[in-house]
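Residues: numbered from 1 along the sequence shown.
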Amino acid sequence: MTIDTRVGPPHFGTERETLRAFLDYHRATLAMKCEGLTDEELRQQSMAPSTLSLLGLVRHMAEVERAWFRRVFEDHEAPLVWSDEIDFQAAYDASASTRAEAFTAWEAEVETSRRIEREAASLDVAGHQPRWGEDVSLRMVMVHVLLEYGRHNGHADFLREGVDGTVGA
């Protein structure tokens with residue numbers, strides 16, 4: 001991997017600044033775990049029976065960003081990127097995917113999520129989570145997506161170590 005250029009969250013900041021910074025830190029962590037790898041290395045799976053790969057994680061996080069920002073706050077009917085049936089597992093199948101395809105989709109969803117968050121008047125803005133049939137706050141969405149990144153970045157550590165033997169960051 002290259003030198004760690006991630007920007008950590010502020011030691012003192014508003015709740016929103018802190019949540020935003022932690023999300024961006026974890027987004028940068030996933031990107032960092034994929035740096036310098038070929039498409040084939042990014043598709044390398046951990047061990048049977050798991051089909052998990054770094055590229056699959058990037059695709060999955062594009063779906064997470066879409067499901068929790070775009071579908072909650074803008075378009076409840078927006079299809080997922082890789083599944084018409086709202087099947088989050090479909091994104092994990094990166095067997096025919098490329099870095100360009102996965103990262104283009106993920107980066108677009110991240111930018112949409114950032115825009116939605118920036119445009120919201122407060123963390124108390126409510127959106128409708130169509131899978132739950134309930135309203136949720138922007139605060140809850142940001143925390144949920146942050147937890148998703150934290151969990152999956154742990155997987156990314158393991159997967160990257162399997163590719164090149166690096167120690168997790």
[Y] side chain reached by [X] side chain, heavy atoms, under 4.5 Å:
X    : Y    : value
M142 : L23  : yes
T29  : R6   : yes
V64  : V145 : yes

Please report the C-alpha distance between V125 and S137 in whole Å, then the side-chain angles of each, then the deciding distance to 0.1 Å, and finally whether the side-chain contact (heavy atoms from CB on, under 4.5 Å) criterion is met.
-> CA-CA 5 Å; V125 166; S137 70; over 6 Å; no
Is E15 paired with R139 through a side-chain N to carboxylate O contact shorter than 4.0 Å?
->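 Yes, R139 and E15 are salt-bridged.
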How long is the span from the [atom1] atom in [X] to the [atom2] atom in [Y], to the nearest 0.5 Å?
X    : Y    : atom1 : atom2 : result
E117 : R20  : CD    : CZ    : 4.0 Å
D39  : L55  : CG    : CG    : 6.5 Å
T38  : R99  : OG1   : CZ    : 8.5 Å
L42  : C34  : CG    : SG    : 5.0 Å
L52  : Q44  : CG    : CD    : 12.0 Å
T14  : L123 : OG1   : CG    : 7.5 Å

Do side-chain atoms of E119 reach the backbone of I116 as a donor and acceptor pair under 3.5 angstrom?
-> no
Output yes when a side-chain donor or acceptor of R71 lies under 3.5 Å from a complementary backbone atom of A78, and no otherwise.
->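 Yes; judged by distance alone, with no hydrogens or angles, the pair exists.
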Exercise: identify the closest heavy-atom pair between [X] and [Y]:
X    : Y    : result
A126 : F73  : C-CE2, 3.8 Å
L19  : L146 : CD2-CD2, 4.4 Å
P10  : T18  : CG-OG1, 4.1 Å
A105 : W82  : CB-CH2, 3.6 Å
A94  : G56  : CB-N, 3.7 Å
G13  : E17  : CA-OE1, 3.4 Å

Relative to the ring of W106, is the ring of F103 parallel (under 30°), tilted (30 to 60°) or perpendicular (over 60°)?
-> perpendicular
Measure up the H152 and H60 rings against each other and bin them: parallel (under 30°), tilted (30 to 60°), perpendicular (over 60°).
-> perpendicular
Could you tell me whether the side chains of [X] and [Y] share a donor-acceptor contact shorter than 3.5 Å?
X    : Y   : result
E63  : W68 : no
S113 : R70 : no
S53  : R43 : no

Passing option when E65 is tested against R59, R114, R27 for salt bridge (Lys or Arg N to Asp or Glu O under 4.0 Å) |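 In the set R59, R114, R27, the residue that makes a salt bridge (Lys or Arg N to Asp or Glu O under 4.0 Å) with E65 is R27.
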So E109 and R66, side-chain contact (heavy atoms from CB on, under 4.5 Å) or not? Walk me through it.
-> CA-CA 6 Å; E109 292 304 323; R66 178 174 282 212; 2.8 Å; yes
What's the verdict on side-chain contact (heavy atoms from CB on, under 4.5 Å) for F69 and V141, showing C-alpha distance, side-chain angles and the deciding distance?
-> CA-CA 7 Å; F69 284 94; V141 167; 3.9 Å; yes
Working for side-chain contact (heavy atoms from CB on, under 4.5 Å), residues M32 and T5 | CA-CA 9 Å; M32 184 180 77; T5 59; over 6 Å; no
Does R115 CZ have over 12 foreign heavy atoms under 6.0 Å away?
->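 It does: R115 CZ has more than 12 such atoms within range.
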